[in-house]
Visitor: 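The structure is given below, and queries will be raised subsequently.
Just so it is clear, the model here is predicted, and its values are computed rather than measured.
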Amino acid sequence: MSADEDRLSCPSAQPDMQDARIFGVIAGTPDEPRVAYLKKKAQVTPEMLEQLDGLDPTRVFRYAARCENGRCAQYEGGRCSLAQRIVTQLSPVVSDLPSCQIRDTCRWFVEEAGAACLRCPQVVTRVPSDQNALRAAAFKEDA
Ligand code: SF4
């Protein structure tokens, strides 16, 4: 793995991953979730998770964390297969790149450029059961 690879972040992380931080709040509706991108960094702390009062943190926030590279099930052929499916299977939901604090290190942006960003606001880590396009993109065919 190159030093550059080692610095990349996963934009669809879990709150307990290494260097996890919140970069977006999930807004919109249950049918059409949309991420509102935060301007400031917010580290994930146990106190913050407690304040959610039992709500699944991945239903409330989008998290970035250190990309796990080959230890992640989505990593294939040296790339993020999830980012590839998002770009090929989902439609853009915005016409301009969102203002996003993690773009410098985002693996999806490094690999798929702005095409990932135009689709990114509809991505939620916990996919609602009736979001067929998002589910198809989220899960590999052989999963
Ligand atoms: S894909 Fe684009 S908008 Fe989404 S997290 Fe990465 S840099 Fe930000």
Visitor: As an exercise, state the distance from OG of S12 to OH of Y63, rounded to the nearest 0.5 Å.
Guide: 12.0 Å
Visitor: Are T58 and D56 linked by a side-chain donor-acceptor pair shorter than 3.5 Å?
Guide: yes
Visitor: For the hydrophobic clusters of this structure (ILVMFWY residues joined by side-chain heavy atoms under 4.5 Å, transitively), does one cluster hold both L82 and L90?
Guide: yes
Visitor: For F109 and C117, run side-chain contact (heavy atoms from CB on, under 4.5 Å): C-alpha distance rounded to whole Å, both residues' side-chain angles, the deciding distance at 0.1 Å, then the answer.
Guide: CA-CA 7 Å; F109 181 72; C117 301; 3.5 Å; yes
Visitor: Would you find a donor on one side and an acceptor on the other, under 3.5 Å apart, between the side chain of R34 and the backbone of T29?
Guide: no
Visitor: Can you tell me how far apart CG (D6) and CZ (R66) are? Round to the nearest 0.5 Å.
Guide: 6.0 Å
Visitor: Identify the residue among L38, V25, V124, V123 that makes a side-chain contact (heavy atoms from CB on, under 4.5 Å) with R62.
Guide: V123
Visitor: Would a 4.5 Å heavy-atom cut-off, applied to side chains only, mark Y37 and P98 as touching?
Guide: yes
Visitor: Could you tell me if the side chain of C80 sits less than 4.5 Å from the side chain of E111, heavy atoms only?
Guide: yes
Visitor: Distance check, rounded to the nearest 0.5 Å: E68 atom CD versus Y75 atom OH?
Guide: 12.5 Å
Visitor: In the structure I gave you, are the side-chain heavy atoms of Q74 and R85 within less than 4.5 Å of one another anywhere?
Guide: yes
Visitor: Is any side-chain heavy atom of R107 less than 4.5 Å from a side-chain heavy atom of N69?
Guide: yes
Visitor: Do Q101 and R21 have a side chain donor and acceptor closer than 3.5 Å?
Guide: no
Visitor: Is the shortest heavy-atom distance from the side chain of K39 to the side chain of F23 under 4.5 Å?
Guide: no
Visitor: Between R119 and S91, which heavy-atom pair has the shortest distance, and what is it?
Guide: CG-O, 3.6 Å
Visitor: List in chain and number order the residues that pass side-chain hydrogen bond (donor to acceptor under 3.5 Å, both in side chains) with E112, two or more places apart in sequence or in another chain; answer none if no residue qualifies.
Guide: R79
Visitor: Using a 4.5 Å cut-off on heavy atoms from C-beta on, say whether the side chain of C67 contacts that of C72.
Guide: no
Visitor: Can you name the closest pair of heavy atoms from L55 and V60 and give their distance?
Guide: CD1-CG2, 4.0 Å
Visitor: Compare every heavy atom of A64 with every heavy atom of A13, then report the nearest pair and how far apart it is.
Guide: CB-C, 3.8 Å
Visitor: Under 4.5 Å between side-chain heavy atoms, counting indirect links through other Ile/Leu/Val/Met/Phe/Trp/Tyr residues: same cluster for V35 and I102 or not?
Guide: yes
Visitor: Side chains of F61 and I26, heavy atoms from C-beta outward: is any pair under 4.5 Å?
Guide: no
